[in-house]
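Below you'll find the structure, written out as structure tokens, and then a few comments.
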Amino acid sequence: MYLKKGLQLYSDLPGIEDQITINDGTVLPPESGTYYWPGSYIPKWSWRNLDRAETKLLMTRDRGADFTKSISAGEVTDGVREAVTALELHTLTHIDEVMPQIRKKEEEVKVLNKRLDDFLRRFSPGGNYKFHKITRAMPNRETLTFHYARQKFIYVGLHIDESKSFTPYTAFKSGNRISINLSKETRYLTFVNLSMRQVVKMIKAKADASAPDVNLGNIANLFFTHYPDYPVIRIGIKPYQYYIAPTDNFFHDATTMGNKEIDITIVYTGVFDRIN
């Protein structure tokens with residue numbers, strides 16, 4: 001199936017096209033040691049470079065692109081990089097060491113918070129954002145997003161976040177988030193470049209009269225069941241690079257497949273509606 005025009009990516013990073021690949025769809029997870037929520041789907045591992053037509057559909061040079069329908073990628077300032085380096089996170093070898101290290105570096109954290117606030121206000125001049133979390137993940141994982149329930153880690157595959165109460169029709173009103181890679185290695189954002197409204201329209205085009213109403217609980221399974229060959233995009237986010245994305249409004253996940261070092265990110269949620 002061909003890529004459709006939907007969410008677009010803006011970036012002025014040199015060589016950004018070399019960080020982007022595309023595949024030929026999704027599959028149900030294999031029955032293995034990783035437990036997935038029933039009906040979850042993950043990308044096929046068949047990545048290739050974008051062709052010219054796909055690049056034209058995905059990429060935009062519009063700095064004023066609607067933030068509810070676009071993704072942007074860039075690099076943090078030297079000041080933020082220096083403040084992160086002072087935390088000495090790169091000396092850690094296990095995810096359980098991350099939070100104790102941060103608590104130990106109280107003064108360095110204060111400096112980082114100030115520099116991050118200065119940096120984030122470039123994208124949200126009104127300061128309409130808040131700290132969300134520091135994520136920690138193991139290397140060489142095909143998928144990263146999970147819930148802890150029933151005394152086990154339950155992975156969800158490609159999904160939408162639920163930062164607040166919304167429906168598939170109002171997901172675009174949820175704002176967006178910024179995720180900054182604090183790791184030693186490139187991590188990857190995988191996503192489907194369709195908004196929830198586009199997804200609902202495509203599901204209804206395939207569904208019959210007896211099909212259930214589309215809601216947040218079934219929208220991913222319905223879409224990937226009907227369109228398993230719709231391509232997934234993968235963008236590499238290198239150390240000290242970030243992405244800004246409306247993660248309530250499109251299917252996505254992250255992966256550290258192939259990495260050898262632990263994965264650390266810092267995430268803020270809110271309204272990041274400027275590109276700098």
Side-chain angles (χ1 to χ4, degrees), residues 11-16 18-20 34 71-124 127 129-148 153 155-156 161 163 176-191 234-245 247 252-270 272 276:
S11 181
D12 58 4
L13 287 170
I16 184 63
D18 296 332
Q19 294 175 223
I20 303 170
T34 302
I71 303 163
S72 60
E75 194 167 46
V76 301
T77 59
D78 289 343
V80 170
R81 181 192 290 259
E82 291 167 2
V84 172
T85 301
L87 297 181
E88 299 182 317
L89 299 178
H90 289 178
T91 65
L92 309 180
T93 58
H94 195 277
I95 57 175
D96 290 342
E97 299 173 323
V98 175
M99 297 313 297
Q101 176 73 0
I102 290 173
R103 286 191 288 268
K104 186 172 70 176
K105 295 282 188 175
E106 185 175 348
E107 292 305 314
E108 288 85 352
V109 168
K110 288 180 182 178
V111 172
L112 175 60
N113 286 341
K114 175 62 171 63
R115 293 184 182 180
L116 276 172
D117 190 54
D118 292 342
F119 174 68
L120 295 174
R121 282 183 178 269
R122 299 181 178 191
F123 309 100
S124 183
Y129 59 83
K130 62 181 180 181
F131 170 76
H132 181 53
K133 60 183 176 180
I134 292 175
T135 68
R136 294 144 289 159
M138 296 299 290
N140 203 35
R141 295 295 172 91
E142 188 170 23
T143 182
L144 296 187
T145 306
F146 63 85
H147 301 300
Y148 187 72
F153 294 100
Y155 288 82
V156 297
D161 294 335
S163 301
N176 52 8
R177 68 178 55 199
I178 184 169
S179 176
I180 304 171
N181 184 2
L182 308 184
S183 312
K184 289 183 182 180
E185 296 176 288
T186 299
R187 68 193 313 270
Y188 297 88
L189 172 69
T190 56
F191 65 94
R234 183 181 66 166
I235 176 171
I237 306 298
K238 296 180 180 181
Y240 301 108
Q241 291 183 352
Y242 65 84
Y243 70 81
I244 298 174
T247 54
H252 65 281
D253 196 8
T255 176
T256 58
M257 200 70 171
N259 288 2
K260 297 180 180 179
E261 305 285 347
I262 61 173
D263 179 68
I264 309 170
T265 62
I266 187 167
V267 182
Y268 287 77
T269 58
F272 301 97
N276 284 279

| field | For V76, the option from N181, I180, L182 that meets side chain to side chain contact (heavy atoms under 4.5 Å, CB included) | value |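 That would be I180.
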
| query | Under 30°, 30 to 60°, or over 60°: which ring-plane class applies to Y129 and F272, parallel, tilted or perpendicular? | reply |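 Answer is parallel, since the angle falls under 30°.
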
| request: Evaluate the criterion side-chain contact (heavy atoms from CB on, under 4.5 Å) for residue pair E88 and E108; output intermediate values, then yes/no. | output: CA-CA 10 Å; E88 299 182 317; E108 288 85 352; over 6 Å; no

| task | Could you tell me whether F123 and Y242 have their ring centroids closer than 6.0 angstrom? | result |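 So the answer is yes for these two rings.
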
Closest approach of [X] and [Y], non-hydrogen atoms and distance?
X: V98; Y: L92; value: CA-CD1, 3.7 Å
X: T85; Y: Y240; value: OG1-OH, 3.3 Å
X: S183; Y: P239; value: O-CB, 3.2 Å

| task | Answer yes or no: does atom NE2 of H147 have more than 12 heavy-atom neighbours from other residues, nucleotides or ligands under 6.0 Å? | result |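 No.
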
| query | Hey, which of T256, T135, T265, D263 is the one that makes side chain to side chain donor-acceptor pair (under 3.5 Å) with R187? | reply | D263

| said: If only side-chain N and O atoms count, and only distance matters, is there a donor-acceptor pair under 3.5 Å linking T190 with D253? | reply: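 T190 and D253 do not have a side-chain donor-acceptor pair below 3.5 Å.
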
Is there a side-chain contact between [X] and [Y] in this structure, where contact means two heavy atoms from C-beta onward sitting under 4.5 Å apart?
X: N113; Y: F131; value: no
X: R141; Y: F146; value: no
X: M99; Y: R136; value: yes

| field | Stepwise salt bridge (Lys or Arg N to Asp or Glu O under 4.0 Å) check, D161 with R177 | value | CA-CA 10 Å; D161 294 335; R177 68 178 55 199; 3.5 Å; yes

| request: Tell me, with the steps shown, if K260 and E185 meet salt bridge (Lys or Arg N to Asp or Glu O under 4.0 Å). | output: CA-CA 8 Å; K260 297 180 180 179; E185 296 176 288; over 6 Å; no

| message | Working note: R122 + T77, criterion side-chain contact (heavy atoms from CB on, under 4.5 Å); need CA distance, chi angles, decisive distance, verdict. | response | CA-CA 11 Å; R122 299 181 178 191; T77 59; 3.4 Å; yes

| query | When you measure from the side chain of N140 to the backbone N and O of G258, does any donor-acceptor pair fall under 3.5 Å? | reply |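 Yes; judged by distance alone, with no hydrogens or angles, the pair exists.
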
